[in-house]
Peer 1: 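Handing you this structure, nothing more for now.
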Number of protein chains: 2
Amino acid sequence: MDQLSATFAALADPTRRAILARLTEGPATVKELSEPFDISGPAISKHLRVLEKAGLITRGREAQWRPCQLDATPLQEVAVWAENYRRFWDASYTRLDALLTEMKEKEQ
Amino acid sequence: MDQLSATFAALADPTRRAILARLTEGPATVKELSEPFDISGPAISKHLRVLEKAGLITRGREAQWRPCQLDATPLQEVAVWAENYRRFWDASYTRLDALLTEMKEKEQ
DNA sequence: AGGTTAGATAACCAAGTGGTTAGGTACGAG
DNA sequence: CTCGTACCTAACCACTTGGTTATCTAACCT
């Protein structure tokens, strides 16, 4: 699976997006991250592994804790990808764009 | 499934992203969309249904054709979501941000 | 050494995904 | 009316996903 697909797949789950949101406030342990959700520890571990494989978090180790930290670089790729569609975001802009194309063609 | 999750899930597949890219050049029929890929028609139909449910395409009907058109509005939501992480995209900015926070705290 | 806490791994399950083939519907052309 | 084309639905398959419980390791604290 390519990088962009892995990132999108990781972001498709609300729990994982919530984890990322939490990590914007600073590093956290697995326990801390699991607290807002009423799912089991192993379920959180799986989510974290998905995020790690997508390169969205990095993990250290301090004694018995395995602190998670946000790494948002893959999100830049997402933002850039989405920006390429900006011209299509609203119909009026599309219509304007069509008009401009038409004008260019007439010029030639 | 919420809107944002559906959008991310739809974007997680490279075939579907390629279909969206093709649709930036204008509407296309299912047949036209399927040509670049060597997968069966039904497989393409399924991809299109996913894109339609995510609100990324709209479909009309002209005789025996069912033309697809891009609707990029959900991508705006994606771009906005990703933009919220801009401050975390590179470490230097994060360090700068930490420094500013520290300075603010000292001021108080 | 023994107990507690943090966390990972393994085995399992239901549901979803991406693909297939086979067969059905709707429309235009001869 | 019949034939070909465009497309969809249905049924099936292998694989993945998001969850569970049970069991393990590692580190800390008495």
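First the proteins, then the strands, lettered A, B, ... as listed; each starts at 1.
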Peer 1: Under 3.5 Å, side chain of Q3(B) to main-chain N/O of A54(B), donor-acceptor pair present?
Peer 2: yes
Peer 1: Kindly assign one of parallel, tilted or perpendicular to the pair W81(A) and F8(A), based on the angle between their ring planes and the thresholds 30° and 60°.
Peer 2: perpendicular
Peer 1: Does OP1 or OP2 of dG19(C) have a side-chain N or O of H47(B) closer than 4.0 Å?
Peer 2: yes
Peer 1: Nearest whole Å is fine: how far is dT5(D) C1' from I44(B) CD1?
Peer 2: 17 Å
Peer 1: Indicate, yes or no, whether a donor-acceptor pair under 3.5 Å links the base of dG19(C) to the side chain of K46(B).
Peer 2: yes
Peer 1: Over how many whole Å does the gap from R49(B) atom CZ to dA10(D) atom C1' extend?
Peer 2: 11 Å
Peer 1: Can you check each nucleotide of nucleotides 24-30 of chain D against protein heavy atoms at under 4.0 Å and return B for base, S for sugar-phosphate only, - for none, in 5' to 3' order?
Peer 2: ---SS--
Peer 1: Counting side-chain heavy atoms from CB outward, which of dA8(C), dT20(D), dT20(C) is closest to I39(A)?
Peer 2: dT20(D)
Peer 1: Between L20(B) and Y85(A), is any pair of side-chain heavy atoms under 4.5 Å apart?
Peer 2: yes
Peer 1: Is the shortest distance from a Lys or Arg side-chain nitrogen in D13(A) or K46(A) to a carboxylate oxygen in the other one below 4.0 Å?
Peer 2: no
Peer 1: Please report the distance, rounded to the nearest Å, between CG in L51(B) and P in dT17(C).
Peer 2: 13 Å
Peer 1: Do L4(B) and R17(A) have side chains that approach each other closer than 4.5 Å (heavy atoms only, starting at C-beta)?
Peer 2: yes
Peer 1: What is the separation between atom CG on L11(A) and atom P on dG18(D), rounded to the nearest whole Å?
Peer 2: 12 Å
Peer 1: Please report, rounded to the nearest Å, how far the P atom of dT9(D) is from the CG atom of L48(B).
Peer 2: 11 Å
Peer 1: To the nearest Å, give me how far apart CG (L33(A)) and C1' (dG7(C)) are.
Peer 2: 12 Å
Peer 1: For the pair made of NZ in K31(B) and P in dA26(C), what is the distance, rounded to whole Å?
Peer 2: 21 Å
Peer 1: Respond yes when some side-chain nitrogen or oxygen of S40(B) is under 4.0 Å from OP1 or OP2 of dT20(C), and no when none is.
Peer 2: yes
Peer 1: Do the side-chain N or O atoms of S45(A) get closer than 4.0 angstrom to the phosphate oxygens (OP1, OP2) of dG7(C)?
Peer 2: no
Peer 1: Calculate the interatomic distance between M1(B) atom CE and dA15(C) atom P; express it in whole Å.
Peer 2: 16 Å
Peer 1: Is a side-chain N or O of Q69(B) found less than 3.5 angstrom from the main chain of R59(B), in a donor-acceptor match?
Peer 2: no
Peer 1: A side-chain contact here means heavy atoms from C-beta on lying under 4.5 Å apart; do L75(A) and N84(B) qualify?
Peer 2: no
Peer 1: Starting the side chain at C-beta, find the nucleotide from dT9(D), dC7(D), dG18(C) nearest to T29(B).
Peer 2: dC7(D)
